[in-house]
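Note that the coordinates shown come from a computational prediction; the quantities given were computed from them, not determined experimentally. Both counts, for ligands and for their atoms, begin at 1 and track the order of listing.
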Amino acid sequence: MSRITSIEQYHQEYKRSIDHPEEFWAEQAEQFVWKKKWDRVLDWNFIDPKINWYIGGKLNITENCLDRHLPARADQIAYYWEPNDPAEKAVQFTYKQLHEQVCKFANVLKKNGAKKGDRICIYMPMVPELVIALLACARIGAIHSVVFGGFSASALSSRIQDSDCKIVIATDGAYRAAKDIPMKELVDEALEVCPSVSKVIVLERTQTKIKMVAGRDVFWNDEMKKVNSDCAAEPMDAEDMLFILYTSGSTGKPKGVVHTCGGYMVYTHYTFENVFQYRDNEVFWCTADIGWITGHSYCVYAPLLAGATSVIFEGVPTYPDASRFWQVIDKYKVNIFYTAPTAIRALEAAGLNFVNPYQLDSLRVLGSVGEPINEEAWNWYNKNIGKEKCPIVDTWWQTETGGMMISPIAGVTLTKPGFATLPLPGIQPVLVDEKGNEIFGNGVEGNLCIKFPWPSIIRSTYGDHERCKQNYFVTYPGLYFTGDGCRRDENGYYRITGRVDDVMNVSGHRIGTAEVESAINMHADIVESAVVAYPHDIKGQGIYAFVICTKKNKDKDALRKEILAEVTKVIGSIAKPDKIQIVSGLPKTRSGKIMRRILRKVAEGELTNLGDTSTLLDPAVVDEIKAGAL
Ligand code: PRX
């Protein structure tokens with residue numbers, strides 16, 4: 001694999017990756033163990049989307065994550081696990097131990113009926129067994145679908161149903177800050193409507209009292225005692241599914257983004273090594289939850305492919321107090337730290353008294369991901385955490401892209417606060433106007449599209465390929481549309497300005513306005529609702545809901561509480577609106593379309609300049625909404 005060490009080399013490699021993509025990506029794939037080498041590197045079509053990489057190649061990603069490293073790294077730490085409560089004993093796993101656990105759990109899965117191609121749902125907090133569960137699925141060729149532990153029973157069941165999962169792997173409970181969350185109870189509730197599930201494997205984490213369903217539920221520890229650690233890695237086609245991960249779009253229910261084995265392996269590894277400039281024996285810490293793509297790619301697969309040592313963390317940045325991140329960095333001498341702007345802003349707000357007692361002198365590279373980072377947060381991170389010595393890589397990418405797409409290369413690319421800077425090799429961004437015309441040159445702004453495939457691009461949306469086509473490939477024919485707006489400055493640097501569709505980014509969590517609206521509308525007294533995002537100091541975006549209630553005399557506070565409970569029940573507490581305004585009507589055009597532009601302005605506190613309202617069916621509604629703005 002080629003490693004970029006200077007900006008001149010970046011430009012050369014970039015050019016080579018565009019002029020000769022197949023040669024370039026073949027080279028990046030050479031170092032891996034392939035059970036059979038590919039016949040052709042790439043076959044693609046963005047019109048009726050069909051993208052194949054490393055065609056005919058056979059591999060198993062876990063052999064490349066684990067077995068391949070054993071001769072040199074058997075006793076190297078693969079993971080330091082830091083528990084939620086700092087008083088609890090931390091645990092570590094060497095590559096050899098991790099390999100053994102993965103093989104054993106893979107045998108547990110087989111014993112419980114899992115076969116290649118089966119879908120397995122994983123619903124767990126950030127415990128080491130979560131990593132083991134993912135890799136065990138991949139070992140036997142089962143497709144994992146991790147559902148973030150913060151989602152509700154109802155959100156869990158719809159994800160299990162969508163991909164017909166056969167097995168669920170869960171914990172009894174989860175510790176999150178001072179809370180104890182009854183995960184198994186949520187699983188039981190979800191499974192009332194999931195007939196496809198025949199087994200539940202339960203890891204005991206909190207020793208909470210749980211109900212075990214005879215014939216269906218088994219304990220992780222009991223099962224592990226019954227198996228040995230010999231488990232040959234299943235040969236997988238490069239284009240066989242590796243995993244499904246659900247993410248929100250602007251319409252309908254969350255969709256299952258499909259990633260496949262070969263391309264995902266090559267691309268996540270390439271970006272990890274280059275963007276972070278990972279050096280042997282360094283300690284890497286990505287704070288993301290494995291329930292999201294950042295955790296899949298940069299807590300699990302990429303660091304293991306690189307033979308790195310990582311930290312995984314069960315807790316939250318502010319528990320027991322806002323010094324936790326800095327304490328953990330000193331404890332494990334973390335060299336590369338990768339987190340989200342929302343965490344940086346929250347810790348900045350907590351004040352420097354939480355930072356100053358810590359050395360933070362092991363740090364070499366800082367990363368940011370998940371949402372636009374504002375200049376102030378960037379500068380604070382740079383000054384107080386990186387001590388102005390650590391390059392900050394602001395990495396732009398998405399669930400659908402599998403790996404980082406536009407990002408500085410640490411120490412190579414000159415950074416600029418708020419800018420993801422330049423496309424990584426192989427990535428061809430284009431900006432287009434509303435009509436899809438490419439906007440050339442610098443100092444311009446438009447909708448961000450990518451015009452050529454990279455190895456870890458989304459292959460499909462599970463069970464509904466047409467949806468994948470409609471979502472990403474139809475808006476601008478011949479291009480992959482990201483859903484993001486973007487500016488390219490005078491120097492050709494990219495700055496992501498945020499979503500241009502109805503997707504919100506709340507504390508780095510991607511949530512569709514339609515999803516929240518449909519959850520609110522489940523409330524018996526609500527006839528209609530409209531949800532928009534507004535700028536929020538810590539969360540990046542907050543959720544503002546306008547709701548119409550059928551009962552005119554209903555107590556407003558009681559109604560708000562009930563709505564919050566409804567959203568928590570249908571989606572999870574991450575989607576709770578920050579503001580709920582009760583209105584008697586919504587601004588609609590004569591054709592019945594809600595004018596969200598107006599609602600967005602109201603939510604932003606911009607009440608004077610609402611733009612043209614002449615096409616509204618009932619302009620008086622706007623005055624009422626303005627008068628009641630929160
Ligand atoms: O709007 C962009 C924003 O997050 C969206 C993707 O969300 P998700 O699929 O959940 O993946 C997040 C982690 C990769 C994007 O469409 N986003 C992500 N990274 C950045 C960003 N916006 C600005 N700057 C970033 N670095």
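- For Lys579 and Tyr534, the positive end sits near the middle of the six-membered ring, less than 6.0 Å away and at most 45° from its axis.
- Electrostatic pairing of Glu604 and Arg597 does not count as a salt bridge here, judged by no charged N lying under 4.0 Å from a carboxylate O.
- Annotation: Asp394 places an N or O atom under 3.5 Å from an N or O atom of ligand 1; distance criterion only.
- In this structure, Asp433 does not pair ionically with Lys435, as no charged nitrogen and carboxylate oxygen lie closer than 4.0 Å.
- What sits closest to atom 7 (O) of ligand 1 on the protein, heavy atoms only, is Arg510 CD, 3.5 Å.
- Distances from ligand 1 to the non-hydrogen atoms of Trp397 include at least one value under 4.0 Å.
- Regarding atom 25 (C) of ligand 1, its nearest protein heavy-atom neighbour is Glu371 O, 3.5 Å.
- Note on Glu445 versus Arg488: no salt bridge recorded, every NZ/NE/NH1/NH2 to OD/OE distance being 4.0 Å or above.
- For ligand 1, the atoms lying closer than 4.0 Å to a non-hydrogen atom of Asn505 are 3 (C), 4 (O).
- The Thr294 neighbourhood of ligand 1 comprises atoms 13 (C), 14 (C), with distances under 4.0 Å to a heavy atom of that residue.
- Applying the 4.0 Å criterion to heavy atoms of Asp484 picks out, from ligand 1, the atoms 1 (O), 2 (C), 15 (C), 16 (O).
- Atoms of ligand 1 found under 4.0 Å from any heavy atom of Val369 (numbered from 1 in listed order, with element): 13 (C), 14 (C).
- With a 6.0 Å cutoff to the six-membered ring centre and a 45° limit on the axis angle, Lys416 counts as a cation-pi contact of Phe419.
- For the side chain to side chain donor-acceptor pair (under 3.5 Å) with Glu371, the lone residue among Lys539, Gln541, Arg345 that qualifies is Arg345.
- Geometric assessment of Arg159 against the ring of Phe151 yields a positive cation-pi assignment under the 6.0 Å and 45° thresholds.
- A salt bridge links Asp502 with Arg600: the closest approach of a Lys/Arg side-chain nitrogen to an acidic carboxylate oxygen falls below 4.0 angstrom.
- Scanning all protein heavy atoms for the shortest distance to atom 23 (C) of ligand 1 gives Pro372 N, 3.1 Å.
- For atom 4 (O) of ligand 1, the candidate residues are Ser368, Gly540, Gly370; the nearest heavy-atom contact is made by Gly370.
- Considering only non-hydrogen atoms, atom 9 (O) of ligand 1 lies nearest to Thr399 out of Ile496, Thr247, Thr399.
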